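Just below is one structure, and these are the notes that go with it.
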Amino acid sequence: MNELGRLEDLPLDYRESLQQLNLVPLWPSLRAVMPPHQPRPRTQPVSWQYKTLRPLLMRAGELTPIEKAERRVLVLANPGHGLEKMQASSAIYLGMQLLLPGEWAPSHRHTPNAVRMIVEGEGAYTTVEGEKCPMVRGDLILTPTGLWHEHGHDGTEPVVWLDVLDLPLVYYMEAAYHVDGPRQTVVSSASERRLARGGMLPTPVFARGNSAYPMLRYPWAQARAALETMAATEPHEEVVQITYVNPHTGAHALNILGFYALMLRPGQSVTLPARSPAAIYHLIEGAVDAHVMEQHFALDEADTCCAPGYTPVTLRNRSADAPAFLFLADESPLHQKLGVYERRD
Ligand code: GTQ
């Protein structure tokens with residue numbers, strides 16, 4: 001590959017003339033914006049230990065009342081992007097949110113899509129567009145773009161969940177904004193029960209237009225049971241994984257980020273192939289070693305790590321007699337829709 005001309009090779013008066021007219025020569029920057037064969041991600045392999053993060057989150061509970069925070073969140077920021085950017089990867093935002101008993105995080109809606117993965121505690125709920133979704137450890141709750149959502153807590157212990165948003169992408173698009181709203185009236189609950197039978201959908205004849213997001217809560221008990229059934233009935237399947245989908249369309253549950261649950265059999269090790277999207281790994285249950293590039297992360301329950309795209313990730317269950325369960329989020333739907341998705345074996 002031949003060397004391209006540098007900016008310094010150009011006469012100063014020429015560079016100044018270009019600059020004054022808002023013009024830039026491509027060739028000095030061409031290799032940087034499109035490096036040979038594969039990108040150079042800013043996203044670094046990073047892990048966040050729940051044990052070390054939790055006391056700081058609880059301290060935020062003492063330092064900042066919910067009225068002063070609206071959402072009391074510590075953002076899991078990737079230093080490769082600069083902490084102030086609040087990005088785990090180019091498209092993924094991660095935050096640990098704390099709600100204390102009796103607290104209320106008021107209703108709003110925004111353009112970025114969000115999901116919650118419940119980490120700890122009982123008695124909290126999110127109301128999404130009038131549907132009350134109880135928060136139970138391991139549940140996945142969607143708050144898709146534009147839908148009203150608010151969080152409440154009737155229990156007695158702190159509740160913590162992991163927020164996953166496509167905020168960095170929507171912000172980059174200059175399309176991120178929010179609107180505050182009044183407290184919602186609860187009109188329904190349990191979309192997950194209406195839609196819990198695989199291959200069979202409710203078919204109302206006289207109902208009007210269905211929501212683009214028919215299922216808002218994916219209970220962990222059902223996801224875990226699906227994984228255990230898959231592991232038992234498909235013993236030769238190397239990767240025991242489910243994708244959270246929209247049950248009406250079979251497509252990813254949200255448009256931009258993909259969400260999955262993965263089970264490692266006792267003692268199992270799997271290497272997920274290099275794919276273009278970045279991904280995050282959050283341990284719901286068990287003990288797992290994650291190997292990303294030159295980094296080794298010993299994940300315990302509620303720990304989270306991230307991996308850039310274009311790199312394989314090895315996951316190993318450290319227990320020889322118990323399964324391990326992970327929640328994954330990645331940028332696959334975005335890459336697939338844009339036609340840039342790749343797998344490299
Ligand atoms: O709970 O609505 O972590 O609006 C960031 C922005 C959570 C939320 C975040 C949000 C929320």
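First listed ligand is number 1; within each ligand, the first listed atom is number 1. Along the sequence shown, the residues carry numbers beginning at 1. Just so it is clear, the structure is predicted and the values come from calculations on it, not from any experiment.
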**Request:** Evaluate the criterion side chain to side chain donor-acceptor pair (under 3.5 Å) for residue pair Tyr50 and Glu120; output intermediate values, then yes/no.
**Result:** CA-CA 11 Å; Tyr50 190 61; Glu120 174 185 334; 2.7 Å; yes
Look at [atom] and say which protein heavy atom is nearest, naming residue and atom and giving the distance to 0.1 Å.
atom	value
atom 1 (O) of ligand 1	His151 NE2, 2.7 Å
atom 10 (C) of ligand 1	His110 NE2, 3.9 Å
atom 5 (C) of ligand 1	Tyr93 OH, 3.5 Å
atom 6 (C) of ligand 1	Leu165 CD2, 4.0 Å

**Prompt:** To the nearest 0.5 Å, what is the distance between CE (Met215) and CG (Leu140)?
**Reply:** 9.0 Å
**Request:** Kindly indicate, with the supporting measurements, whether the criterion side chain to side chain donor-acceptor pair (under 3.5 Å) is fulfilled by Thr314 and Thr271.
**Result:** CA-CA 4 Å; Thr314 300; Thr271 297; 2.9 Å; yes
**Asked** Can you tell which of Val164, Asp163, Leu74, Val75 gets a heavy atom nearest to atom 7 (C) of ligand 1?
**Response** Asp163
**Message:** As a check for students: among Met96, His108, Arg71, identify the option with a heavy atom nearest to atom 4 (O) of ligand 1.
**Reply:** His108
Under 4.0 Å to a heavy atom of [X] - the qualifying atoms of ligand 1, by number:
X	result
Arg116	1 (O), 2 (O), 7 (C), 8 (C), 11 (C)
Gln97	1 (O), 7 (C)
Val73	3 (O)

**Item:** Joint cluster assignment, Leu100 & Leu53, ILVMFWY side-chain distance < 4.5 Å
**Value:** yes
**Message:** Side-chain heavy atoms nearer than 4.5 Å, only ILVMFWY residues, links allowed to pass through others: does that put Phe259 and Met230 together?
**Reply:** yes
**Asked** Pick one: which of Tyr213, Tyr260, Phe327, Tyr244 meets ring pair (Phe, Tyr, Trp, His ring centres under 6.0 Å) with Tyr218?
**Response** Tyr244
**Complete:** The answer for which part of His149 has a heavy atom under 4.0 Å from ligand 1 is side chain
**Prompt:** According to the interplanar angle, ranging from 0 to 90°, do the rings of His108 and His110 count as parallel (below 30°), tilted (30 to 60°) or perpendicular (above 60°)?
**Reply:** perpendicular
